[in-house]
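Notes for the one structure printed next.
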Amino acid sequence: MFFNDVIVSESTLNIIMMSIWLSIFLIALIIEISTAELVSIWFSGGALFALIFTYIPNVPFFVEIIVFFVTSGILLILLRPLSKRLMEKHKQQIATNIDAIIGKRGIIIKEINPLEPGEVKVDALIWNCINIDDTKIEKGQTVEVIKVEGNKLTVKKI
């Protein structure tokens, strides 16, 4: 077989293609490991299938290329929506830092007036707070944290 005006045997071409598919597989895998999102795992799968096709005797290299693109496309189309849902579900379940306070309950220790913020104790910390309804909430009432804006909580009476 002619390869850039040099005669290359079929086995040499096969070894070259194996090296190419293995390199693509490893590069895509390294990129995937170094990122938090699934961005190149599809190409790792495509390269792996193309690498498997190099072991089949007398398979032309353009078939390997087609297998790479078709497999990568199928993996992307079928698995990307599933992976996005799982990642979003995982992100929603883990509330960290200040987001962890949203939805918690607290006790008003300084009454809230429509014109003046009050104070609420949530998880042993005292926060400035306002009522979501702009109404008065008496001292000692239980409230739920709706959102956090800076150092002020927006609460609603339970």
Check: Thr71 side chain, Phe68 main-chain N or O, donor-acceptor pair, under 3.5 Å = no
Between Val67 and Val70, is there a shared hydrophobic cluster once you connect ILVMFWY residues whose side-chain heavy atoms come closer than 4.5 Å?
-> yes
Are any of the side-chain heavy atoms of Glu138 and Lys136 separated by less than 4.5 Å?
-> yes
Answer yes or no: does atom CZ of Phe25 have more than 12 heavy-atom neighbours from other residues, nucleotides or ligands under 6.0 Å?
-> yes
Taking it one step at a time, do Thr54 and Leu51 satisfy side chain to side chain contact (heavy atoms under 4.5 Å, CB included)?
-> CA-CA 5 Å; Thr54 60; Leu51 180 63; 3.9 Å; yes
Does the side chain of Ile112 reach to within under 4.5 Å of the side chain of Val155, using non-hydrogen atoms?
-> yes
Honestly curious: do Ile107 and Leu125 fall in one hydrophobic cluster under the side-chain, below-4.5 Å linking rule?
-> no
Determine, stepwise, if the pair Ile101 / Trp127 fulfils side chain to side chain contact (heavy atoms under 4.5 Å, CB included).
-> CA-CA 11 Å; Ile101 202 167; Trp127 295 81; 3.5 Å; yes
Is the backbone of Phe69 close enough, under 3.5 Å, to the side chain of Ser72 for a donor and an acceptor to pair up by distance?
-> no
Only one of Ile16, Asn14, Ile15 clears side chain to side chain contact (heavy atoms under 4.5 Å, CB included) with Thr12; which?
-> Ile16
Nearest heavy-atom approach of Gly106 to Val122 is CA-CG2, 3.9 Å
Closest non-hydrogen atom pair between Val63 and Phe53, with its separation | CG1-CD2, 4.3 Å
Is there a donor-acceptor pair closer than 3.5 Å between any side-chain N or O of Glu32 and the backbone N or O of Ser40?
-> yes
Find out if a path of hydrophobic residues (ILVMFWY) with successive side-chain heavy-atom gaps under 4.5 Å connects Trp21 to Leu26.
-> yes
Should we count CZ of Arg105 as having more than 12 external heavy atoms under 6.0 Å?
-> no
So, do Glu119 and Asn128 sit near enough that their side-chain heavy atoms are less than 4.5 Å apart?
-> yes
Test side chain to side chain contact (heavy atoms under 4.5 Å, CB included) on Glu111 and Asn113 and set out the steps.
-> CA-CA 7 Å; Glu111 94 177 10; Asn113 290 313; 3.2 Å; yes
In terms of heavy-atom contacts, Glu64 and Ala50 come closest through O-CB, 3.6 Å
Which heavy atom of Ile130 sits nearest a heavy atom of Pro117, and at what distance?
-> CG2-CB, 3.9 Å
Any link between Ile30 and Trp42 through a network of hydrophobic side chains (Ile, Leu, Val, Met, Phe, Trp, Tyr) touching at under 4.5 Å?
-> no
For Asp133, does its backbone N or O pair with a side-chain atom of Asn131 as donor and acceptor, under 3.5 Å?
-> yes
Among the clusters formed by ILVMFWY side chains lying less than 4.5 Å apart, do Leu76 and Phe43 turn up in the same one?
-> yes
Output for pair (Lys156 NZ, Ile146 CD1), nearest 0.5 Å, gives 4.5 Å
Find the distance between CG (Leu153) and CD1 (Ile126) and round it off to the nearest 0.5 Å.
-> 12.0 Å
Roughly how far apart are Leu75 CG and Phe49 CZ, rounded to 0.5 Å?
-> 7.0 Å
Verify, without hydrogens or angle tests, whether Ser44 (side chain) and Leu29 (backbone) share a donor-acceptor contact under 3.5 angstrom.
-> yes
